[in-house]
Amino acid sequence: MQDTVPIRRALLSVSDKAGIVEFARALAERGVELISTGGTARALSDAGLSVTKVGDLTGFPEIMGGRVKTLHPKVHGGLLAIRDDADHQQAMAEHGIEPIDLVCINLYPFERTIAREGVTRAEAIEQIDIGGPAMIRASAKNHAWVTIATSPDHYPRILADLDAHNNATTQTLRADLAAAAFARTAQYDAAITAYLTTDDNADLPGSILGIVQDRTLRYGENPHQPACVYLNANAAGPSVMRAEQLHGKELSYNNLLDGAAALELVAQLAAMLRTQSRSDTAACVVKHTNPCGASVAPTQADAVAAAIAGDPMAAYGGILAISHELDGPAAELIAAPDRFFEVVVAPSYTVHAARILSERWKNVRLLAVGDLAEGWSTTEVELRGTPSELLVQRRDRLPTDPMSWTLAAGDEPGEQIRRAAGALELIGRALSSNTIAIGGYDNDAVRLFGAGAGQMDRVASCKLAITKAGDHARGAIAYSDAFFPFPDGPELLIDAGVKVIVHPGGAKRDQETFDLCASRGVSVLTTGTRRFRH
């Protein structure tokens, strides 16, 4: 295997024609013969470039509406031939096959097609590329001799390599592009598999594939752990992984985990507000994937202030997310002298807000994720990993409906309290089990007062939540993500002054809890839905 391979002949066949004419022209200026198919050949010819059509190369026309055009020995022989193998050289000479040194292919837009509303199955099937993946795989397999480009992002790298090595590419580049090529075909096949195959019993895709490496991180949870970001080709909607970073240093593994948790919570709160036709803003602060503060309020500034107030000490060094374009007054609160945030997540930023935050901190990461109403929660499944396996479950998209919850004890709390309890359930769902979240109204905002999360028993979570809430527990709402097996936890909450307790219900000893609450003048609402988050 030689390190550098001269590029003399290139085959170009692309659906995404961004940059293809410029790339082809740069190749032609370096003396490279251009071979092409269909629409790509027309685009290059219209640009004044000399192109050999694949049909002229093979002596066989494109047929069946273009379904068959490149599946021919003069194409695949030129791609797969080992150039220093005598038998391969003899076969090429006998059959008039010439080597193809560079291949530029991106595939039929299957993913874009199936994402289109109203697309038919026949339309989707027709966008399954056959010849493209075959040429990509052939080129990548023979990357000892062939350079394969599967994205316009690869064009500048290839041209730079040619300029640096006298119109040849290096083994390092070819191997790197081959890996990207196999990742792309895996991603493509995953999208097709997920579209065609479902397991009706599990209500989940029959195959989970298409997760490909996007970038390397500085390190993982700790400095001695290497880490990368892998993107799911089938995912949609706002994401911190795909966000536009407007300012700040490189995101870390922990930043991304916390940012994803913060974005998930504000997006769910915002979705709840939309169902209620309310224009309020949602905000939260996350630390170690748990919200230490969260709120909904009439203005951005009020929402930010209430979210930080949930636990000002824990908020220091946390990740703050907001559901609306971040404005100047909210940014000024975030940038107050006694505060520090690692990451701020928002759909977008006003120019004034971005300037306030970037001038306040040199390294704060400002992530713009796009409108949360556009495609949020379209991803149906979530993936979790064990050291060697993948766990897949349907996402918890069961809506919060506090008006339907059952009054199990005490007086009816009323619509306003039920709505606040609904927001608290969403906040509690974002906390690690066992979860107790205490919250309620603070002026015009509904916010988290204190939480106990990630404890091995629910009583310990009650104690933590009470400690964090302090005097705010008096008259507050307490939410539990699962039932209380005994009345000991509720008794602690009642002693702290809580007036409404919300939990799923379903324990064998529920009635003991209901009786206790009724005797102490505390209302109980049962949701009927457990909301564990492990």
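The shown structure was predicted, so the numbers you read here are calculated from the model rather than taken from an experiment.
For residues 78-107, there are no ring-ring contact (aromatic ring centres under 6.0 Å, His included) pairs, not counting sequence neighbours. Among residue pairs with one or both ends in residues 247-256, none qualify as salt bridge (charged side-chain N to carboxylate O under 4.0 Å, His left out); sequence neighbours excluded.
A search for salt bridge (charged side-chain N to carboxylate O under 4.0 Å, His left out) contacts involving E126 returns R67, not counting sequence neighbours. Not counting sequence neighbours, the partners of R30 by the salt bridge (charged side-chain N to carboxylate O under 4.0 Å, His left out) test are D163. With sequence neighbours excluded, the residues satisfying salt bridge (charged side-chain N to carboxylate O under 4.0 Å, His left out) with D101 are R83. Residues passing the ring pair (Phe, Tyr, Trp, His ring centres under 6.0 Å) test with Y253: none are found, sequence neighbours excluded. Take N255 and apply the side-chain hydrogen bond (donor to acceptor under 3.5 Å, both in side chains) test, not counting sequence neighbours, and it matches S252, R365. Partners of F341 under the ring pair (Phe, Tyr, Trp, His ring centres under 6.0 Å) rule, at least two apart in sequence or in another chain, do not exist in this structure. Checked against ring pair (Phe, Tyr, Trp, His ring centres under 6.0 Å), F182 has no partners two or more places apart in sequence or in another chain. The salt bridge (charged side-chain N to carboxylate O under 4.0 Å, His left out) search around E22 returns none, not counting sequence neighbours. Scored by the ring pair (Phe, Tyr, Trp, His ring centres under 6.0 Å) test, F532 finds H534 as partners (sequence neighbours excluded).
A heavy-atom distance below 4.5 Å is not found between the side chains of L102 and V32. Looking at Q300 and H324, their side chains come closer than 4.5 Å, going by heavy atoms from C-beta outward.
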Which donor-acceptor pairs under 3.5 Å do the side chains of residues 280-296 make with protein atoms, sequence neighbours left out?
from	atom 1	to	atom 2	distance (Å)
D280	OD2	R278	NH2	3.1
K287	NZ	A314	O	2.8
K287	NZ	Y316	O	2.8
T289	OG1	R533	NH2	3.3
N290	OD1	S432	N	2.7
N290	OD1	S432	OG	3.2
N290	ND2	H288	O	3.4
N290	ND2	S432	OG	3.3
S295	OG	A303	O	2.7

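For the pairing with E264, the salt bridge (charged side-chain N to carboxylate O under 4.0 Å, His left out) check across R395, R397, R429 returns one residue only, R395.
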